[in-house]
Every structure is written in structure tokens, then in C-alpha cells.
Amino acid sequence: MSKFIAPRAPKGFRDFLPETMLRRNYVLDCIRDVFHLFGFEPIDTPILELHETLFGKYGEEAEQLIFTAQHGRSRREPLAMRYDLTVPLARVVGQYESQLNLPFKRYHIAPVFRGERPQRGRYREFWQCDADTVGVASISADAEIVIMMHEILKRLGFPQFLIKINHRKLLVAIGEFSGVPQEQLPDLYRSVDKFDKIGADGVKGELIERGIDGEAVSRMMDLIQSKAPGDNSLDFIAETIGSEDKGLDELRQLADLLTDAAVESEHYDFDFTMVRGLGYYTGPIFETVISEPNLGSISGGGRYDNLIGMFRRQSLPTTGASFGLERIIDLMDELKLYPPQLGGTLVQALVTVFNEETRSDSARIGVQLREAGINTEVYLGRRKLGRQLAHADKKGIPIVAIAGPDEIEAGVVKLRRLADGSEMTVEPHALAAAVSDMLTDR
RNA sequence: GUGGAUGUAGCUCAAUGGCAGAGCACCUGAUUGUGGUUCAGGCGGUUGAGGGUUCGAGCCCCUUCAUCCACCCCA
């Protein structure tokens with residue numbers, strides 16, 4: 001006798017039923033369309049990587065969250081589940097360099113795995129949608145990424161979002177100008193990154209607690225908090241530091257390129273308190289937040305010119321961004337941003353089956369509708385008509401085709417639109433067109 | 001990894017230490033050619049699991065598991 005097993009998915013892993021998958025696919029299609037429009041092409045890589053490929057890239061703390069994997073009998077190749085899509089990209093570039101045309105613009109939409117404690121907007125398996133440009137040192141590549149982020153969020157229908165932009169080199173310059181010693185810079189960034197959560201005083205306190213000179217902290221806080229519309233905050237920093245900085249210069253170019261591309265100024269902002277945790281960034285960095293409701297960042301990215309060098313004799317300048325699918329979904333659920341025609345089913349028509357004698361007539365109607373590209377379900381059970389209509393209604397199928405003895409006798413099909421109860425009787429040659437009409441005309 | 005809250009029907013939740021309930025969902029019928037409304041009836045429980053206290057535990061105590069929240073970190 002088999003034992004009963006309480007069904008459940010592992011902690012932080014989730015199942016998706018059809019209704020949810022329809023929404024996920026809608027968002028994925030939207031993101032993919034924009035990637036295509038900007039000329040990015042798809043790649044995929046295995047879920048498992050060699051242990052040595054992943055470790056040593058993210059920093060000690062992050063690497064405690066990497067799932068490792070082993071095959072029962074073979075322990076020759078220690079394996080690990082991918083933690084993001086960026087390191088696999090670096091590996092692929094190192095491995096297939098000769099087959100890639102530089103600049104290489106690739107996108108990658110796939111699940112990644114992190115052994116964190118799950119919470120809303122935070123799971124152990126989640127999908128990232130990455131787009132990166134390999135082999136371009138110019139800031140134009142970074143600008144393209146930001147323009148694309150803007151386009152995606154517009155298309156998804158977010159009424160308000162903010163792409164925060166900063167620059168690693170500028171952060172270093174600000175730190176040095178303020179007199180924070182080089183070796184304390186990581187501590188500095190870690191605290192500054194919490195600015196949104198704990199506020200200016202919180203950051204200040206934390207920094208002084210970490211033993212950074214109080215005066216240096218004050219100087220730096222004044223600098224990074226300088227907020228002014230558009231590039232004016234860049235001017236303020238330039239004046240204060242007194243010399244043009246490489247990072248600052250690049251951000252100015254970036255701002256010009258965004259303006260040229262008609263990126264709306266309300267949707268991006270230079271924010272010198274935004275840091276990003278991952279260690280491999282070297283240039284401009286981006287992060288998108290939606291403040292209401294706040295689920296953390298929904299996309300992030302930046303320039304990482306040295307990472308590929310870990311898989312290749314010489315590195316290649318690279319920049320890109322990543323969208324977190326589940327956070328976008330969670331936000332869209334809450335803000336109800338899905339188009340109304342995205343119902344609970346993709347079935348557009350249900351063909352009822354009056355009795356077993358008429359089943360073949362119903363089947364022919366189904367064939368006809370499918371040939372016309374209409375997603376059609378021919379009822380498979382043997383229940384009375386009322387039950388079949390109830391099934392369509394509950395599932396959200398908009399059109400029901402009825403072919404009982406009367407219709408078959410007359411050589412027609414009766415169509416009923418459930419939303420308003422309207423009915424029409426059509427001859428076979430007009431069937432598909434009539435269904436299409438009923439689907440579109442509301 | 002640290003701290004907090006919560007686990008009762010498929011779902012959302014009630015129930016002074018004293019008969020385990022409601023709404024929704026589901027099934028049947030009113031209605032053998034028409035759904036979403038209405039009405040009548042029905043199905044549904046090892047109260048997360050294990051132990052303890054008690055005449056008696058969903059309720060109190062201990063253990064454990066799970067979920068959610070806040071940190072940490074991040075998408």
C-alpha cells in the first residue's frame with residue numbers, strides 16, 4: 001500500500017496554475033518584445049553550473065545562498081544552481097568567444113535560485129529577465145539599457161516608477177573627497193545603500209559606529225544627498241569636488257543620451273545614495289523602484305567591465321540590467337495593470353455536445369473554429385447543456401457554440417456570448433467569422 | 001542567519017477550559033435545450049504534527065513542522 005504524502009512544494013518554490021501563467025506569460029511577452037525591438041537576441045544556459053564557475057564571483061555573503069547540487073554516484077564535478085544570469089553570461093562569452101560577434105547583445109529569461117528565507121516579493125526560485133551588451137566601453141550602451149528599462153515599464157503600464165542612476169567611480173570620488181579611507185569604502189557603501197530605509201541620520205550613526213571619522217561622514221552625507229532636478233545635482237557635485245570626475249562626466253553624457261531618446265525626466269533620477277550590493281559593478285549603476293507599493297527594486301543593473309575577465313584572458317567591457325519577474329507580477333497584481341481581455345482562460349469558444357449521437361457534429365465545428373485560429377474546447381464530458389454552459393461561465397470562456405438536434409437538422413450552429421447573453425444562428429460557412437465578430441465587438 | 005506573529009472544512013474565518021460552527025466553493029433538485037440571480041437540500045474535520053497538565057484541551061504548557069512579517073541581503 002502506498003503511503004499518503006502531504007503535497008507541498010519546497011520552501012520558497014512555487015507552483016503556477018493556468019490563470020497565473022497567463023499573467024506571467026503576458027509580462028514575459030512584453031519584456032521579450034522590447035528586447036527584440038532593441039536588437040537583443042536570446043541565449044539559454046543550464047540551470048546547473050560547475051561549482052567553480054559560480055563561486056568567487058558574488059562575495060562571501062551572497063555565496064552562502066547558492067544552492068549546491070550533486071548527482072548521487074558521481075562526485076567528480078561539484079555543481080551549483082545558478083544564482084543569477086550574469087555570471088553564466090560571462091562564462092558563455094569566455095567559452096564561445098570565436099562564435100560571437102562583438103558587440104554582443106544578448107537577453108536571457110530564465111529562473112535563478114537563491115537559498116534565502118522567503119517573503120513576499122522574494123522567493124528561492126525566481127525568474128530574471130536580463131539584457132546585456134558585451135564589448136562596448138562607450139556610455140551609449142549604458143544609455144540604451146536605461147532607455148529599454150524605461151520602455152518596458154511604460155509598456156507594462158506602471159503609472160509611476162523611478163530609475164535611479166549612480167556611478168561607482170563617482171561614489172569612489174565622493175568617498176575620497178570626503179576623506180574616507182579606501183579600506184572603509186565598502187562599509188561606507190553598505191550603509192549608504194540603506195539610506196531609503198533608515199534615513200540620513202541612520203546612515204550617519206551607522207557610519208560613525210563603524211569607526212569612520214565623523215567629519216568625513218558629514219561632508220559625504222551633504223554631497224550624496226544633493227538632490228536637484230535633472231543634471232543639476234551633477235553640477236552641484238562638480239562644483240563641490242572642484243574637479244571633473246570621470247564618473248560625473250559619463251553621467252552627463254548619459255543624461256544627454258536619455259534626453260535624446262525622449263526618456264521622460266520624471267522617470268529617472270541621479271541618486272547618489274543608491275549603491276547596489278554586488279561587487280562586480282565598475283561604472284554606471286541603475287535600479288528601478290516603485291514606491292507605492294514598495295516591494296524593493298524590480299530591476300537593477302550596471303556596468304561590470306572586469307567580470308568577463310575571470311573567464312577570458314582579457315576582459316570585455318559589459319553593461320546590462322535585470323528585471324525581476326515575480327516582483328513585477330506581484331506589483332501588477334496589486335495595481336491591477338493587466339489588460340481586461342486577459343481573462344482567466346485562453347479558451348475563446350466552447351463547443352457543447354448535446355448527446356453522444358451529435359458528438360461528431362460538435363467535433364466538426366471544433367475543427368472549423370481551430371482552422372480559423374480560434375482557441376476552442378469541444379466539451380469532453382457527458383453532462384447536460386446547463387452544466388456545459390456553467391463550465392464555460394466559470395472558466396471565463398466568452399463564446400459557446402450550440403449544435404443540438406434542431407440546429408443539426410437545420411444545418412446551422414447557434415452561438416451564445418455569455419457576457420451579455422446575446423445569441424445568433426449562423427450557417428457553417430459563416431461560423432468562424434461570426435465567432436471572431438462576437439469576440440471583438442463588445 | 002536573527003527576532004516576532006499565526007496554524008480550525010477546498011478557501012476566508014468564528015467558537016469563557018465544557019455538544020467544532022458560519023460564509024464562500026462543491027454536489028443534488030426546483031429547471032430532461034441555456035450559465036452568471038433566487039430557493040430547498042446535501043457533502044465536507046485526527047482543530048498542522050507529537051507529547052504534557054486537566055474530570056474534560058481548538059483554547060493552557062513543552063517540542064516540532066509549516067506559513068506570514070520585520071531584520072540581513074537582494075530581483
Side-chain angles (χ1 to χ4, degrees), chain A residues 4 6-14 17 27 31 58-66 82-86 109-130 149 189-191 193-194 196-198 202 206 274-279 281 286-290 294-302 320-331 344 350 352-355 358 379 382-409 414-423 425:
Chain A
F4 173 77
R8 67 188 176 86
K11 185 199 277 289
F13 290 74
R14 300 171 308 152
L17 300 183
V27 173
I31 292 173
Y58 302 104
E60 205 174 309
E61 200 159 357
E63 283 168 13
Q64 289 177 354
L65 301 178
I66 296 179
R82 65 179 166 216
Y83 181 86
D84 66 6
L85 303 176
T86 307
I109 295 176
V112 302
F113 304 87
R114 298 184 188 178
E116 296 188 89
R117 192 115 135 208
Q119 247 169 74
R120 188 174 68 142
R122 176 182 185 166
Y123 308 97
R124 289 185 162 186
E125 177 186 24
F126 61 96
W127 283 58
Q128 290 195 323
C129 312
D130 277 36
M149 292 167 93
Y189 298 148
R190 184 174 296 245
S191 295
D193 203 19
K194 288 193 245 174
D196 278 352
K197 260 184 193 158
I198 62 180
E206 201 167 286
M274 190 273 290
V275 177
R276 296 194 56 70
L278 290 177
Y281 293 114
F286 335 110
E287 190 166 287
T288 311
V289 292
I290 281 161
N294 188 357
L295 278 187
S297 62
I298 57 171
S299 77
S322 177
F323 286 84
L325 179 66
E326 359 295 289
R327 285 189 183 173
I328 290 175
I329 301 260
D330 286 353
L331 284 169
L350 173 75
T352 58
V353 177
F354 193 77
N355 59 37
T358 68
Y379 198 76
R382 301 182 182 201
R383 303 177 96 171
K384 59 185 188 184
L385 191 60
R387 306 291 311 158
Q388 300 187 32
L389 281 154
H391 168 75
D393 182 53
K394 204 168 63 181
K395 211 168 146 181
I397 301 171
I399 306 292
V400 173
I402 300 167
D406 297 350
E407 286 81 9
I408 293 169
E409 174 103 8
K414 189 185 271 186
L415 297 175
R416 179 179 176 86
R417 178 162 59 189
L418 294 191
D420 57 4
S422 63
E423 288 191 344
T425 303

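Every heavy atom of this structure was used, including side-chain atoms; hydrogens, water molecules and symmetry mates were not.
Under the Watson-Crick and G-U wobble criteria, each requiring two contacts below 3.5 Å, nucleotide B:A22 is paired to B:U12. Applying the Watson-Crick and G-U wobble criteria (two distances, each under 3.5 Å), B:A57 pairs with nothing in any strand. Nucleotide B:C27 forms a Watson-Crick or G-U wobble pair with B:G41, both donor-acceptor distances falling under 3.5 Å. Figure legend. B:U63 is base-paired to B:A49; pairs are counted as Watson-Crick or G-U wobble with both atom distances under 3.5 Å. Both distances falling under 3.5 Å, in either a Watson-Crick or a G-U wobble arrangement, place B:A70 opposite B:U2. B:G17 makes up no base pair with any nucleotide shown, lacking Watson-Crick or G-U wobble contacts both under 3.5 Å.
Not a single donor-acceptor pair under 3.5 Å links the side chain of A:R124 to the backbone N or O of A:P118. Looking only at distances, a side-chain donor or acceptor of A:R82 sits under 3.5 Å from a matching main-chain atom of A:P111. Between the A:E63 side chain and the A:Y58 main chain, a donor and an acceptor come within less than 3.5 Å of each other. Without hydrogens or angle criteria, A:E326 side chain to A:W127 main chain gives a donor-acceptor distance under 3.5 Å. One N or O on the side chain of A:T352 and one on the backbone of A:A401 form a donor-acceptor pair closer than 3.5 Å.
Along RNA chain B, the nucleotide nearest A:A9 and the nucleotide nearest A:T288 are compared for position; the residue whose nucleotide lies closer to the 5' end is A:A9. Between A:G12 and A:E287, it is A:G12 whose nearest contact on RNA chain B lies nearer the 5' terminus.
Rounding to the nearest 0.5 Å places OG of A:S322 at 11.0 Å from CD1 of A:I298. Put simply, CD1 on A:I399 and CG on A:L350 are 11.0 Å apart, with the number rounded to the nearest 0.5 Å. For the atom pair A:S297 OG and A:R327 CZ, the distance stands at 5.5 Å (nearest 0.5 Å). Atom CD1 in A:I402 sits 9.5 Å away from atom OG1 in A:T425 (nearest 0.5 Å).
At the heavy-atom level, A:T352 lies nowhere under 4.0 Å from the strands shown. At the heavy-atom level, A:Y123 lies under 4.0 Å from base atoms of the strands shown. A:S322 comes within contact range of no nucleotide atom at all, as no heavy-atom separation falls under 4.0 Å.
Comparing the same atom, C1', in B:G52 and in B:C13 gives a spacing of 29 Å after rounding to whole Å. Taking atom P in both B:G7 and B:A49, the straight-line distance is 14 Å, to the nearest Å. Atom name C1', nucleotides B:U8 and B:G58: the rounded distance is 6 Å, in whole Å. The separation of B:A75 from B:A14, taken at their C1' atoms, amounts to 39 Å, rounded to a whole angstrom. For the C1' atom pair drawn from B:C26 and B:U12, the interatomic distance equals 16 Å after rounding to whole Å. One C1' atom belongs to B:G29, the other to B:G18, and the distance between them is 39 Å to the nearest Å. Across B:C24 and B:G42, the matching P atoms stand 15 Å from one another, rounded to whole Å. Taking atom C1' on both nucleotides, B:U47 is separated from B:G17 by 15 Å, rounded to a whole Å.
Residue A:R120 contributes atom CZ, which lies 17 Å from atom C1' of B:C71 at whole-angstrom precision. When rounded to the nearest whole Å, the span between CZ of A:R14 and C1' of B:C68 equals 14 Å. Rounded to an integer number of Å, the gap from A:K194 NZ to B:C74 P is 10 Å. Atom C1' of nucleotide B:A75 and atom CZ of A:R124 are separated by 16 Å, given to the nearest angstrom. Atom CG in A:D193 sits about 10 Å away from atom P in B:A75, given to the nearest Å. With rounding to whole Å, A:F286 atom CZ is found 14 Å from B:A75 atom P. Between the CE atom of A:M274 and the P atom of B:C74 there is a distance of 13 Å, rounded to whole Å. A straight line from CD of A:E326 to P of B:A75 spans 13 Å, rounded to a whole angstrom.
The ring-ring contact (aromatic ring centres under 6.0 Å, His included) search around A:F126 returns none, not counting sequence neighbours.
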Tell me, for nucleotides 29-42 of chain B in 5' to 3' order, what letter each nucleotide earns: B for a base near a protein heavy atom under 4.0 Å, S for only sugar-phosphate near one, - for neither?
-> ----BBBB------
Scan nucleotides 1-6 of chain B nucleotide by nucleotide, 5' to 3', and note B when protein non-hydrogen atoms come under 4.0 Å of the base, S if they reach only the sugar-phosphate, - if neither.
-> BBB---
Under the side-chain contact (heavy atoms from CB on, under 4.5 Å) criterion, do A:K414 and A:D406 qualify, and how do the steps go?
-> CA-CA 10 Å; A:K414 189 185 271 186; A:D406 297 350; over 6 Å; no
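Both the sub-6.0 Å distance and the 45° axial angle are satisfied by A:R114 relative to the ring of A:Y83.
Distances from the side chain of A:E116 to the nucleotides B:C73, B:C74, B:C27 place B:C73 closest.
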